[in-house]
Student: 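Take this structure first; my questions come after.
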Amino acid sequence: MLDLKFVRENADLVRNAVENKNETADVNKVLELDEKRRAIIGEVENLKALRNKVSEQIAIKKKNKEDASEDIAQMKEVGEKIAALDGDLRSVKEALEYRLIRIPNIPHESVPVGRDEESNVTVREWGKIPQFDFKPLPHWEIGEKFDLLDLPAAAKITGSGFYVLKGIGARLERALICFMLDTHIADGFIEVAPPFVANADAMTGCGQLPKLAEDMYQLKDESLYLVPTAEVPVTNLHREEVLSADQLPLYYVAYTPCFRREAGAAGKDTRGTLRVHQFDKVEMVKIVHPDNSYEEHESLLKQAEKIVQMLEIPYRVRLLATGDLSFAAAKCYDIEIWEAGVDKYLEISSVSIYEDFQARRMNCRFRDRDGKIRFVHTLNGSGLALARLTATILENYQTEYGTIVIPEVLRPYMGGLAEITDSEQQKK
RNA sequence: GGAGAGGUGGCCGAGCGGCUGAAGGCAGCUGCCUGCUAAGCAGUUGAACGUGUGAGCGUUCCCUGGGUUCGAAUCCCAGCCUCUCCGCCA
């Protein structure tokens with residue numbers, strides 16, 4: 001959420017941001033409601049001041065056994081007016097709030113302006129795209145061949161959009177989770193194991209609600225949602241708090257499954273485990289001082305890249321254009337890894353900075369060294385998303401002999417296993 | 001799920017329906033003082049919103065939301081959360 005005063009004073013900038021982000025929020029309506037709100041406040045607060053003053057006099061008169069019935073009658077009238085105005089004020093505030101939380105964050109000046117992903121910019125590329133003397137298999141075929149991945153079984157349990165990992169496949173995923181968590185922890189991140197559900201306040205705090213309501217699973221008869229990302233429970237760790245300056249920066253890392261309905265995404269990169277309703281993810285969250293948050297953003301990106309590099313997977317970093325930027329983000333890098341089996345880059349990580357947009361929605365503040373209370377800045381980045389990563393490893397690490405090499409860094413987590421050679425292996 | 005207790009400022013903890021934004025203590029800050037591992041004395045220390053160039057002024061906030069009243073931290077109702085005991089349970 002943007003600061004109301006900021007919107008008031010920078011209406012053009014905000015309108016521009018709404019347009020560049022392909023949003024439809026009505027900024028003028030916000031300004032109009034704000035004006036209305038301030039008019040009512042002025043009126044009702046004068047009446048309240050009067051009531052407070054006279055009520056005090058009534059108390060004195062009563063103490064002196066004087067007659068106060070005239071004052072009381074008058075204040076009864078004032079009280080009714082106040083009640084009416086308070087009612088008006090509340091509905092105006094609600095309408096204002098409704099509009100305000102639907103205004104997207106403003107893109108940072110370094111973000112390229114553009115309608116969609118066509119305008120994204122490649123910041124850098126890393127690694128060599130592997131060349132094969134044979135046609136590399138896609139992960140769903142590898143998974144079936146070695147009995148690591150069972151899509152038909154998942155369909156029996158849930159319907160489409162889910163997957164089952166078995167044997168070495170399941171272990172590979174678990175190995176990745178442990179490897180990534182351990183790596184981030186060693187670099188100073190605090191591990192968090194949060195709930196996998198969150199309430200509407202938490203969802204609103206991060207900006208998932210109201211916009212993405214259709215993309216989330218909501219529990220029946222409960223006001224809880226399955227988390228679409230660990231960002232939600234972890235960033236909300238400090239909602240409604242005033243932190244001290246020396247607590248910052250806070251670095252968290254959490255593993256959670258992520259649940260997404262992917263409404264309207266049918267047909268796009270949907271083979272195998274490339275787009276599913278539930279996937280695992282290790283997510284990093286930073287809560288930082290506003291003065292150096294963009295440096296923190298760059299270092300967060302580096303932290304995510306580190307994982308990809310350690311796994312020796314070729315990737316590129318893309319700076320998202322305004323039109324591809326999410327509702328709450330001010331700036332975002334995507335890391336896209338090269339998947340040999342499907343012959344293209346796929347998004348594996350989003351590293352975003354929200355400035356104080358989420359902090360304001362969550363009311364997460366800190367007391368700066370000069371004693372002033374300010375909103376923190378929040379950031380998060382996948383480090384990394386699992387389903388596609390597991391698929392990529394199976395595809396990129398296949399050999400001409402039809403085997404799959406296990407990346408060096410994962411072997412300690414796989415009981416020393418260096419290569420998947422046959423489907424019998426996992427029964428041992 | 002059943003029974004009970006409770007939710008007040010950074011923390012602890014008072015609070016009769018009316019000078020209580022809130023006693024007292026701790027912690028913090030600022031002075032003064034003292035030559036000694038820090039004590040004593042005095043003062044000071046919340047947030048949001050509105051208004052004003054500004055010092056300031058005003059309004060609101062004692063878990064949340066309603067209600068009673070001229071006036072609510074204080075009374076009534078509903079909800080949320082925490083704790084204790086019982087039951088159930090991985």
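As the structure is a computational prediction, the values presented were derived from the model and not from experiment. Numbers restart at 1 for each chain; the letters A, B, ... are given by sequence-line order, proteins then strands.
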Student: Please give the distance between the P atoms of B:G54 and B:C49 as a whole number of Å.
Tutor: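 My reading of the P atoms in B:G54 and B:C49 gives 15 Å.
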Student: Assess whether a salt bridge exists between A:Arg374 and A:Asp291, defined as any Lys/Arg side-chain N lying under 4.0 Å from an Asp/Glu carboxylate O.
Tutor: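 Counted as a salt bridge, because a side-chain N and a carboxylate O are separated by less than 4.0 Å.
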Student: Using a cut-off of strictly less than 4.0 Å between a heavy atom of the residue and any atom of RNA chain B, enumerate the qualifying residues of residues 25-35 of chain A by number.
Tutor: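 Hits under 4.0 Å, by residue number: none.
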Student: Report the base-pairing partner of B:G10 (Watson-Crick or G-U wobble, both distances below 3.5 angstrom), or none.
Tutor: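 Because both required distances fall under 3.5 Å, B:G10 counts as paired with B:C26.
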Student: Any chance the rings of A:Tyr354 and A:Phe375 have centres within less than 6.0 Å?
Tutor: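 Judged by ring-centre distance (under 6.0 Å), A:Tyr354 and A:Phe375 do not meet the cut-off.
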Student: For B:C26 versus B:G66, give the span between their P atoms, rounded off to a whole number of Å.
Tutor: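 That atom pair is separated by 39 Å.
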Student: Rounded to whole Å, please give me the gap between CG in A:Leu50 and C1' in B:C70.
Tutor: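 Computing the A:Leu50:CG to B:C70:C1' distance gives 11 Å.
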Student: Could you tell me the separation between the CE atom of A:Met75 and the P atom of B:A72, rounded to a whole number of Å?
Tutor: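 Interatomic distance, CE of A:Met75 to P of B:A72: 13 Å.
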Student: Below 4.0 angstrom from OP1 or OP2 of B:C49, is there any side-chain N or O of A:Arg38?
Tutor: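 So the side-chain polar atoms of A:Arg38 never come under 4.0 Å of the phosphate oxygens OP1 or OP2 of B:C49.
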Student: What is the separation between atom CG on A:Leu4 and atom P on B:A48, rounded to the nearest whole Å?
Tutor: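 Result: 15 Å.
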Student: Please report, rounded to the nearest Å, how far the C1' atom of B:G58 is from the CD1 atom of A:Ile82.
Tutor: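 Going from A:Ile82 (CD1) to B:G58 (C1'), I get 13 Å.
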Student: Between B:G58 and A:Glu45, counting only base atoms on the nucleotide and side-chain atoms on the residue, is there a donor-acceptor pair under 3.5 Å?
Tutor: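 Yes, a donor-acceptor pair under 3.5 Å.
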Student: Nearest whole angstrom, please: distance from the P of B:A47 to the NZ of A:Lys372.
Tutor: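 Value for this atom pair: 11 Å.
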Student: Counting just side-chain N and O atoms, does A:Arg369 come under 4.0 Å of either OP1 or OP2 of B:C29?
Tutor: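 Looking at the OP1 and OP2 atoms of B:C29, neither is under 4.0 Å from any side-chain N or O of A:Arg369.
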Student: In plain terms, say whether A:Glu32 and A:Lys29 are close enough for a salt bridge, that is, a side-chain N and a carboxylate O under 4.0 Å apart.
Tutor: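 A:Lys29 and A:Glu32: salt-bridged.
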Student: Is the ring centre of A:Tyr333 less than 6.0 Å from the ring centre of A:His297?
Tutor: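 Between A:Tyr333 and A:His297, the centre distance is under 6.0 Å.
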Student: Remember a base hit wins even if backbone is also touched, and classify A:Ile373 as base, sugar-phosphate or nothing at under 4.0 Å, heavy atoms.
Tutor: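 The residue A:Ile373 makes sugar-phosphate contact but no base contact.
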Student: Provide the Watson-Crick or G-U wobble partner of B:A72, both distances under 3.5 Å; none if there is no partner.
Tutor: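 Paired with no nucleotide.
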Student: Quick check on RNA chain B: between A:Asn46 and A:Lys76, whose nearest nucleotide comes earlier from the 5' end?
Tutor: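 Going by which nucleotide is closer to the 5' end, it is A:Asn46.
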Student: State the pairing partner of B:C62; accept Watson-Crick or G-U wobble contacts with both distances under 3.5 Å, and report none otherwise.
Tutor: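 Across all strands, not a single nucleotide pairs with B:C62.
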Student: Please measure how far the P atom in B:G58 lies from the corresponding atom in B:A22, and state the result in whole Å.
Tutor: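 That atom pair is separated by 13 Å.
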Student: Between A:Arg37 and B:U59, does any side-chain N or O lie under 4.0 Å from OP1 or OP2?
Tutor: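 For A:Arg37, the contact criterion (side-chain N or O under 4.0 Å from OP1 or OP2 of B:U59) is not met.
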Student: Rounding to a whole Å, what distance do you find between A:Lys93:NZ and B:C49:P?
Tutor: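 It is 10 Å, rounded to the nearest whole Å.
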Student: Is it true that A:Arg318 and A:Asp324 have a side-chain N and a carboxylate O under 4.0 angstrom from each other?
Tutor: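 Between A:Asp324 and A:Arg318 there is no salt bridge, as every charged N stays at least 4.0 Å from the carboxylate O atoms.
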Student: Regarding A:Glu355 and A:Tyr294, is there a side-chain donor-to-acceptor distance under 3.5 Å anywhere?
Tutor: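 Note: A:Glu355 and A:Tyr294 side chains meet the donor-acceptor criterion.
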Student: How far does the P atom of B:U51 sit from the matching atom of B:A55, given to the nearest Å?
Tutor: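 One P to the other, the span is 15 Å.
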Student: I want to check one thing: is the phosphate of B:U59, taken as OP1 and OP2, less than 4.0 Å away from some side-chain N or O of A:Arg51?
Tutor: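 For B:U59, neither OP1 nor OP2 has a side-chain N or O of A:Arg51 closer than 4.0 Å.
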Student: With rounding to the closest Å, how many angstrom separate the P atoms on B:A78 and B:G2?
Tutor: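 Those two atoms are separated by 15 Å.
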Student: Between B:G50, B:G18, B:G66, which one does the side chain of A:Lys62 approach most closely?
Tutor: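 Among the listed nucleotides, the one closest to the side chain of A:Lys62 is B:G18.
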Student: If we take the C1' atom in both B:U20 and B:C62, what is their distance in whole Å?
Tutor: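 Straight-line distance between the two C1' atoms is 10 Å.
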Student: Atom CG of A:Asp86 and atom C1' of B:G50: how far apart are they, to the nearest Å?
Tutor: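 To the nearest whole Å, that distance equals 14 Å.
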Student: Look through every strand shown and name the nucleotide pairing with B:G21 as Watson-Crick or G-U wobble, where both distances are under 3.5 Å.
Tutor: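 Checking every strand shown, B:G21 finds no partner, since no pair has both distances under 3.5 Å.
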Student: Whether A:Lys48 contacts B:U59 is assessed here as follows: a side-chain N or O lying under 4.0 Å from the phosphate OP1 or OP2. Is that the case?
Tutor: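 Checking B:U59 against A:Lys48, no side-chain N or O comes under 4.0 Å of OP1 or OP2.
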Student: Taking A:Asp34 first and then A:Arg38, would you say they form a salt bridge - that is, a charged N and a carboxylate O separated by under 4.0 Å?
Tutor: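 Yes, this pair counts.
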Student: Find the partner of B:U53: check Watson-Crick (N1-N3 plus N6-O4 or O6-N4) and G-U wobble (N1-O2, O6-N3) distances, both under 3.5 Å, and reply none if neither fits.
Tutor: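 By the stated definition (distances under 3.5 Å), nothing pairs with B:U53.
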Student: With rounding to whole Å, what would you report as the distance between B:G18 and B:U74 at their P atoms?
Tutor: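 About 12 Å, rounded to a whole number of Å.
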Student: Which residue, A:Ile58 or A:Lys53, contacts RNA chain B at a nucleotide closer to its 5' end, judged by nearest heavy atom?
Tutor: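 Taking each residue's closest nucleotide, the earlier one in sequence belongs to A:Lys53.
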Student: Atom CG of A:Asp368 and atom P of B:A47: how far apart are they, to the nearest Å?
Tutor: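 A:Asp368 atom CG is separated from B:A47 atom P by 14 Å.
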Student: Kindly say if A:Asn52 contacts the phosphate of B:U60, meaning a side-chain N or O under 4.0 Å from OP1 or OP2.
Tutor: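 Affirmative; the distance criterion is met.
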Student: Can you see if the side chain of A:Arg365 gets near the phosphate of B:A48 - specifically, an N or O under 4.0 Å from OP1 or OP2?
Tutor: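 Yes, because at least one side-chain N or O of A:Arg365 sits under 4.0 Å from OP1 or OP2 of B:A48.
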Student: For A:Arg360, which contact category applies under a 4.0 Å heavy-atom criterion: base, sugar-phosphate, or nothing?
Tutor: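 Nothing, no heavy atom under 4.0 Å.
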Student: Take a 6.0 Å sphere around CD of A:Glu241 and say whether it holds more than 12 heavy atoms from other residues, nucleotides or ligands.
Tutor: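 For A:Glu241, atom CD is crowded (more than 12 foreign heavy atoms under 6.0 Å).
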Student: Would a line drawn from the ring center of A:Tyr252 to the ring center of A:His238 be shorter than 6.0 Å?
Tutor: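 Yes, the ring centres sit under 6.0 Å apart.
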Student: Judged by modelled atom types alone, do A:Asn292 and A:His377 share a side-chain donor-acceptor pair under 3.5 Å?
Tutor: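 Absent: no donor and acceptor within the cut-off.
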Student: Looking only at atom C1', what distance separates B:C81 and B:C88, rounded to whole Å?
Tutor: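 22 Å, rounded to whole Å.
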Student: State the pairing partner of B:G4; accept Watson-Crick or G-U wobble contacts with both distances under 3.5 Å, and report none otherwise.
Tutor: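 B:C83 is the nucleotide pairing with B:G4.
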Student: Could you tell me the Watson-Crick or G-U partner of B:C16, where both distances fall under 3.5 Å? Say none if there is no partner.
Tutor: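 Base-paired to nothing in any strand shown.
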Student: Across all strands, who's sitting opposite B:U34 as a Watson-Crick or G-U wobble pair, both distances under 3.5 Å?
Tutor: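 For B:U34, the partner nucleotide comes out as none, under the 3.5 Å rule.
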